[in-house]
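Numbering of ligands and ligand atoms starts at 1, following listing order.
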Amino acid sequence: MTAVNGTPAAGSGQSPKATDKESPKATDMGPPKATDTESPGATRKETRTAAAKGTPLIRLENVTKKFGDFVAVDNISLEIGTGELFALLGASGCGKSTLLRMLAGFETPTSGRIVIDGVDMSRVPPYHRPVNMMFQSYALFPHMSVAGNVAYGLRQEGMGRAEIAERVEQMLDLVELSDFARRRPAQLSGGQRQRVALARCLAKRPKVLLLDEPLAALDKKLRERTQLELANIQESLGITFIVVTHDQEEAMTMADRVAVMNGGRILQVDNPHTLYEYPMSRYVAGFFGTVNLFEGVLIEDEPDHITIRSDEYGADITVGHGISGAEGNTMWVAVRPEKVVLSKEPPPAGQANAQRGVIEEIVYLGGISTYLVRLAGSGRLVRVTTPNLTRAVQGNLTWEDEVHLWFDPASAVVLSQ
Ligand SMILES: Nc1ncnc2c1ncn2[C@@H]1O[C@H](COP(=O)(O)OP(=O)(O)OP(=O)(O)O)[C@@H](O)[C@H]1O
C-alpha cells in the first residue's frame, strides 16, 4: 500500500508538543477545558497560562477606538495574566497596533476602560504606565554605544551611576551582548540591534512589555532563532509580553495564548494548540494554519457524530463530534491538509470520507510535500501535506496520478460560521 499520512498528526508541521498525545478524543464536544492544561502532559506554556489565569494583570473592558467614523478597535474585552506571553495576530489593518498603542497610552480609547495592575489607565500618561513599548524600528541612538543606549532610560529616571552600571551589565548578559557594550548600533547586525532594543526596554523593569512586530526586520532564519530567544528571556524574567504579529507561525512559536483579530474584533483567544485543532470559525481556521473547507448541509445530528451532505466534497462527510445545529443548516467541514490520507490503493472497506481524485500539483518543500488533488466528482481542489520520511519520493505519487483520499471523522471540525 502506498498510503501516505497514515497517522493523522504526521507531518503537521507543528512542534511535537506533549499535549498532542493528550488531545481530546473524537467524541469530545469542544476544545480542551482549562483544567486539561494543568494535566501532567500539559506543555510548559499551557501550565503557565493556567497558573496566570487567576491573576489578570491587564483588563480591557469593552474597549473601542474610532478614527472619525472608522472603527479601528471594536468593543474588545480581554484579560491577560501576569507573566503571560500573549500574541495579537491578524492581517494588516485589523487593529492590533491600535490596541497596543492604547495599552501604551499613545492612543486614548473612544469608549471602554483599560486597567493595568488594578489601576484604571484613563488618566495615566504613557510615561507613568508600568509598560514599555518596543518599536519595529528599534529607535536606537546611533551616536551612543550599546551600553549607553541601554543606560539611557535609567539615567533619565535619575538612577545612581553604580546601579545603572550593574543593571546594564545584567541586561547585556541577558541578551548575550556583553562583549558588544562599546560598539555603536551601526556596527551591529540586525539581530544584535534587536537585542539591544530589547535590553533597553527591559532595563526599566516594566511589568508589561509591548512589542510591535519586533522581528519584522530580521531574515527568516534569524527571526526563527530570535523568536525562541525572546520567549526564553520572557520566561526567565516573568514579565508579561504582548506581541503584535501578522505571522501565524511566529505567534505559534512564541505565545502562551493568541488572540486572532479581524476588522477590529477578537474572533478567538486560545492557546496555539486549541486554535489549530478547534478553530471556531472559518476565518480563524484559515488564518491560523492552512485548511480545506467543504460547504454542506447538516443532515444527521447524533450525539457522537454528525453527517454533512457536501456537494463540494462530492459525498456525505461524517465528523466524529457533535454540534448543536438544526438539520438543514449550512455548515463547513474544516480538515487540515496533514490529516488527509493520500493513496494509490483504495482505502480499507467501510472507510468514512473516502473520495477519488487526480494529482494536479506537487510542491516539494524538503521536510514535507504538498499535493493539490482535484476531486473526481466536484472538481474541487484538496490540499494534502505529507511528511517526507525517507529520501525516496513518498509512495511514488506523481502528477496526473489517480488517487484515493480520505480522512478520519475525528480529524475534521464542523463550523457554523
Ligand atoms: N491615526 C489614525 N487615523 C485614522 N485611521 C487610523 C489611524 N491609525 C490607524 N488607523 C486605521 O485603523 C485601522 C487599524 O490600524 P492598525 O495600525 O491598528 O492596524 P494593524 O492591524 O496594526 O495593521 P498593520 O499590521 O498593517 O500594522 C487601519 O485601517 C488604519 O488605517
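- Across Ile242, Leu85, Ile116, Leu57, a single residue satisfies side-chain contact (heavy atoms from CB on, under 4.5 Å) together with Ile80, and that is Ile242.
- Distances between N or O atoms of Glu107 and those of ligand 1 include no value under 3.5 Å.
- A salt bridge links Lys207 and Asp117; the closest N-O separation between the charged side-chain nitrogens and carboxylate oxygens is under 4.0 Å.
- Here's the thing with Phe67: none of its N/O atoms is less than 3.5 angstrom from an N/O atom of ligand 1.
- We find that Glu166 and Arg161 are not joined by a salt bridge, their nearest charged nitrogen and carboxylate oxygen being 4.0 Å or further apart.
- Residue Glu213 places no N or O, backbone or side chain, under 3.5 Å from any N or O of ligand 1.
- On a distance-only criterion, Gly95 and ligand 1 share at least one N/O pair closer than 3.5 Å.
- There is a side-chain donor-acceptor pair under 3.5 Å between Asp212 and Ser97.
- With ligand atoms numbered from 1 in the order given, ligand 1 contributes 17 (O), 18 (O), 20 (P), 22 (O), 27 (O) to contacts under 4.0 Å with heavy atoms of Ser97.
- The shortest N or O to N or O distance between Cys94 and ligand 1 is under 3.5 Å.
- For Arg59 and Glu61, the salt-bridge test passes: some basic side-chain N is under 4.0 Å from an acidic carboxylate O.
- The closest approach between any non-hydrogen atom of Ala91 and ligand 1 is below 4.0 Å.
- In terms of the salt bridge (Lys or Arg N to Asp or Glu O under 4.0 Å) criterion, residue partners of Asp316 (sequence neighbours excluded) are, by chain and number, Arg309.
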